[in-house]
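Below, chain A is the first sequence line, B the second, and so on; all start at residue 1.
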Number of protein chains: 2
Amino acid sequence: MPKSTFFNLPEEKREKIMESAIDEFAQYSYQKGSINRIVERAEIAKGSFYQYFEDKKDLFKYILEKSGEEKMVYLTHIIGDLDKLDFFHTIRELYIGGIRFGQEHPKLAAIADRFMKDADQQLMEEMFGDSKGKSQMVFQGLLLKGIERGEVDPKIDVELVAMLIASMSLSISEHFLKEKNTGNLMDMMEVLDKMLYVIEHGIKVKKEGEKND
Amino acid sequence: MPKSTFFNLPEEKREKIMESAIDEFAQYSYQKGSINRIVERAEIAKGSFYQYFEDKKDLFKYILEKSGEEKMVYLTHIIGDLDKLDFFHTIRELYIGGIRFGQEHPKLAAIADRFMKDADQQLMEEMFGDSKGKSQMVFQGLLLKGIERGEVDPKIDVELVAMLIASMSLSISEHFLKEKNTGNLMDMMEVLDKMLYVIEHGIKVKKEGEKND
DNA sequence: AAAAAATGTGACCAGTTAGTCATATGACTC
DNA sequence: GAGTCATATGACTAACTGGTCACATTTTTT
């Protein structure tokens, strides 16, 4: 957590610092992001930075937390309605929420994605405290519920599939972030639905007598 | 490519250098791997290193190339028999080859995997010259052939699915590398087959009248 | 106004990095 | 033995890094 001095700062200054930091970590990774550049861009003295934050990790953690909170805004209505939709529609809604978050906060999305991709397990644990990724845990819970309800194939290995879906999610986010020029919602939805189709049905050719939606 | 001086070196020395470098990059990433530590472990002078290699990139590229060649040894017999097996058995064989390579050359596998995961697109292109990952291209080719043969669902988006499979492959390799303590072939095969099952059939519960292998 | 507490500052530290270069070594040729 | 040439060396450079600290300034309290 930032020190109290940071929260005592006038809002303008505080936001300038946050913006500088977010710009920095959106451009560079956590590792390569430079405190020197951040304080330069924020026009504060190096020493001041260390009056506001414990260290680099403290700052980055705070950004991730804020980013997580912001993302939650896009997802809570889905989590609330968890029983109204089946597994596949639930994760579809979750992805759509994620895409909207990414469109409205591209830098935050880029920072979080890059961190998920780059960070080694040790760093992840230092930042979050939980060993397995949060999203993987969410998927795992949803899968179990989906199996109970008879929507998801009970033969699958829940943990493994959660991992696979989490990894696909990451690569699809990366894909979206990379092509932000053509990042219109329609195209994204199309890609999303194609991905969900694969998760639902697999890619093996369907024999006669099998149904489709 | 390393300079001619490197290849003129007595084999013993050459291998000591390669081993030091491989150890270094297996432990640290390309970015964080240190030439200083490499020359120290290899017991050569810093200046000597730069008599053998143009720079850090030159060395790393050479390791990746050698690693790629070595991995090919484990895959060529499959590429040769490409028409004997259907799509799903082909990629299964490819994965098994990959697993065996990883078991016999864990450091090389770790280096390549980490690089695939970490490297930004720019660096990838500097190293390989091709924009899309090699494995993704292989999957794409296999998918197209699989569709032609009526094994793979023609409704899928080939490029997207190739990307998804490539990303799953990476995360499964990572999974295997992480648990090298329990890394016995039997367990790995089980996980592999579970993953392939998902790719084949998806995770939606099967209605009556649908078949399974 | 004086004292005290809080905040701001940037030179500085010890550490790292990739890469260079003048010089030394030693092997081979004439 | 002199001359030549490829190779070996490690001190050195310049550029960074995250983090510290003695001091200056401002704000608050007495």
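Atom P of nucleotide D:dT17 and atom CG of B:Asn36 are separated by 18 Å, given to the nearest angstrom. In this structure, the OH atom of A:Tyr28 is 14 Å from the C1' atom of D:dT17, given to the nearest Å. Between B:Gln51 atom CD and C:dG19 atom C1' there is a gap of 13 Å when expressed in whole angstrom units. Nucleotide C:dA18 holds its C1' atom 13 Å from the CD atom of B:Glu24, rounded to whole Å. The interatomic distance linking B:Leu9 (CG) with D:dT9 (P) rounds to 10 Å, in whole Å. When rounded to the nearest whole Å, the span between CG of A:Asp55 and P of D:dT17 equals 16 Å. Atom-to-atom, CD of A:Gln31 to P of C:dT16 comes out at 16 Å; the value is rounded to the nearest Å. Note: CD1 (A:Ile38) to C1' (D:dT17) measures 13 Å, nearest angstrom.
Proximity note for A:Arg37 (side chain, C-beta onward) versus C:dA18, C:dT17, D:dT17: the nearest is D:dT17. For A:Lys56, whose side chain is taken as the heavy atoms from C-beta onward, the closest listed nucleotide among D:dG19, C:dG10, C:dG19 is D:dG19. Of the candidates C:dA18, C:dT7, D:dG18, D:dG18 carries the atom nearest the A:Ser34 side chain, counting heavy atoms from C-beta on. Distances from the side chain of B:Tyr52 to the nucleotides D:dA8, C:dG8, D:dG18 place D:dA8 closest. The side chain of B:Tyr50 lies closest to C:dT20, out of C:dT20, D:dA8, C:dT7.
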Verdict with supporting geometry, B:Lys194 and B:Glu190, salt bridge (charged side-chain N to carboxylate O under 4.0 Å, His left out): CA-CA 6 Å; B:Lys194 282 175 181 171; B:Glu190 204 182 312; 3.6 Å; yes

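Of the charged side-chain nitrogens involved, none lies within less than 4.0 Å of a carboxylate oxygen, so that B:Asp118 and A:Lys117 do not count as a salt-bridged pair. Electrostatic pairing of B:Asp153 and A:Lys204 does not count as a salt bridge here, judged by no charged N lying under 4.0 Å from a carboxylate O. Salt-bridge formation is not detected for the pair A:Lys3/A:Asp58: no Lys NZ or Arg NE/NH1/NH2 atom is positioned less than 4.0 Å from an Asp or Glu carboxylate oxygen.
Close to D:dA8, at under 4.0 Å from its OP1 or OP2, lies a side-chain N or O of B:Lys13. Here A:Asn8 reaches the OP1 or OP2 of C:dT7: one of its side-chain N or O atoms lies under 4.0 Å away. Listed pair B:Ser48 / D:dT9 meets the phosphate criterion, a side-chain N or O lying under 4.0 Å from OP1 or OP2.
Each of A:Gly33 and A:Gly47 was assigned the nucleotide of DNA chain D with the nearest heavy atom; the assignment lying further toward the 5' end belongs to A:Gly33.
Between the side chains of A:Tyr95 and A:Ser169, at least one donor-acceptor pair of N or O atoms lies under 3.5 Å.
A donor and an acceptor atom sit less than 3.5 Å apart, one in the side chain of A:Lys46 and one in the base of D:dG19.
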